[in-house]
Enquirer: 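Have a look at this one before I ask anything.
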2 protein chains.
Amino acid sequence: MGIAERKERDKEELRERILGAAKTLFLEKGVEKTSIRNIADLIEYSPGSIYHYFKDKNEIFHALHQGGFQQLMSRMEVVASQADPMERLKRMGAIYVDFALENPDMYDLMFIKEAPMDHVSNSNDEQWKEGFGTFNFLRATIKECILTGHFRGHEEEALSFLVWSTVHGMVSLHIRRRCEVVLAQRQATIVKDGLHEFFSILDRLSS
Amino acid sequence: MGIAERKERDKEELRERILGAAKTLFLEKGVEKTSIRNIADLIEYSPGSIYHYFKDKNEIFHALHQGGFQQLMSRMEVVASQADPMERLKRMGAIYVDFALENPDMYDLMFIKEAPMDHVSNSNDEQWKEGFGTFNFLRATIKECILTGHFRGHEEEALSFLVWSTVHGMVSLHIRRRCEVVLAQRQATIVKDGLHEFFSILDRLSS
DNA sequence: AAAAATAATTGAACACTGTTTAAAATCAAA
DNA sequence: TTTGATTTTAAACAGTGTTCAATTATTTTT
């Protein structure tokens, strides 16, 4: 029965081609401004046939970003070997910002976009487990920092939230285009500059 | 010529009614999912007539946007009398967070929601004047802090952005319900707790 | 008061959008 | 070759932002 398998492979291949085209267009001109017809045109199929592979546009979006948390987590894991928790914390911040700036649409879905009402009840809270995972990783690192004498007088949970908020704040203001209030000549680098200032502050809080 | 004035007032009144309806619908179902026809229906006018008062949908969004900044700015002005820039900075942070938590929908519109602006054609910064105003206020305060010996080694622009990002990050994670990853018993107070930690950090950076 | 000018409002139209669906094409199995 | 099940398509539906000629209402001028 090799035929059924080949058909299955063909179907999967077209699914992937749809996802590829969608990803290209989403990153190129944004999710909202990409139409199903645009995607269909790119892969030279009719708009209708896309609905044989995905329930709707949201599902395409969802499928594309399903691995978002896992991607971020796998990026984070490369610093697990870093013994110094303060150094690890800074590297995590850089990885987080890089991920957001390189995948603004994914980041948008993961951390900015209005969370759908059914995301708790549905089975796809797998993604949220990954979300918990990344925050736990941050919390564990900060706990280590505190245990090794850093951040004296600060509290683990609130500080973890504050650190996350700081990097999230920078990238989300950038992604949602609220950086136009900063000096024009600084706009291109303001997130990286802000992160640098943040690292500098972390260094000061080390001792 | 009181007639011309009355006409002017009538015109302004309809303009305000359009803005009122738009605000209601934008906050209720989002900017993108609110149509000109929805707004027209609510005020019982035809869709076309709205275009006699606003160039396009973007202009309606910007008008509301501007109103929000005026609100925030007027709240900020009450600390202008505070002589100590560090104390003023902290009070500004508290005011910002309070504004966001008390008016989450407006904050959402101002700083989180996808701005439908065509940033290429709409580089006219008239709309952002108010935005510039509040950020300039922050920048000026931080400049004062630096001039009075605080934040040694830090740079005005990037630090201003970082401070803004930190408070924005906290409130936007809260508004968009991403705080479920923090400990359950802390979720209710995590923004206030985070702000407290932030103030504590600012104190450390004072000297 | 009647006519002209001006302003406000409308509804239809245009080119889009996401999505549905009946029909057509394709193709493995009988 | 015929059957039966997929796959694909084109057309249609209901919606979108926006434009515009035509209509209506109002003010100004005669």
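Below, chain A is the first sequence line, B the second, and so on; all start at residue 1.
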Enquirer: In whole Å, I'd like the distance from the CG atom of B/L25 to the P atom of D/dT16.
Expert: 11 Å

Enquirer: If a protein heavy atom is under 4.0 Å from the base, mark B; if only from the sugar-phosphate, S; if neither, -; do that for nucleotides 13-26 of chain C going 5' to 3'.
Expert: B---BBBB------

Enquirer: In this structure, how many angstroms lie between the C1' atom of D/dT6 and the CG atom of A/L14, rounded?
Expert: 13 Å

Enquirer: Quick one: does any side-chain atom of A/R178 pair with a main-chain N or O of A/R176 as donor and acceptor, under 3.5 Å?
Expert: yes

Enquirer: Can you figure out which of D/dA10, C/dG11, C/dA8 approaches the side chain of A/S46 most closely?
Expert: D/dA10

Enquirer: Between D/dC20 atom P and B/I50 atom CD1, what is the distance in whole Å?
Expert: 18 Å

Enquirer: Would you say the rings of A/F61 and A/F54 are close, in the sense that their centroids are separated by under 6.0 Å?
Expert: no

Enquirer: Okay, side chain of A/T24, backbone of A/G20: is any donor-acceptor separation there less than 3.5 Å?
Expert: yes

Enquirer: Just to be sure I understand the rule, does B/Y53 reach a base, reach only the sugar-phosphate, or reach nothing, if contact means heavy atoms closer than 4.0 Å?
Expert: sugar-phosphate

Enquirer: Please check if the number of heavy atoms outside A/K143 that lie under 6.0 Å from its NZ is greater than 12.
Expert: no

Enquirer: Any luck finding a side-chain donor-acceptor pair between B/T34 and B/N38 under 3.5 Å?
Expert: no

Enquirer: One thing to verify: whether B/D98 and B/R75 come together as a salt bridge, which I'm taking to mean a side-chain N less than 4.0 angstrom from a carboxylate O.
Expert: no

Enquirer: Round to the nearest Å and state the distance from B/D41 atom CG to D/dG15 atom P.
Expert: 11 Å

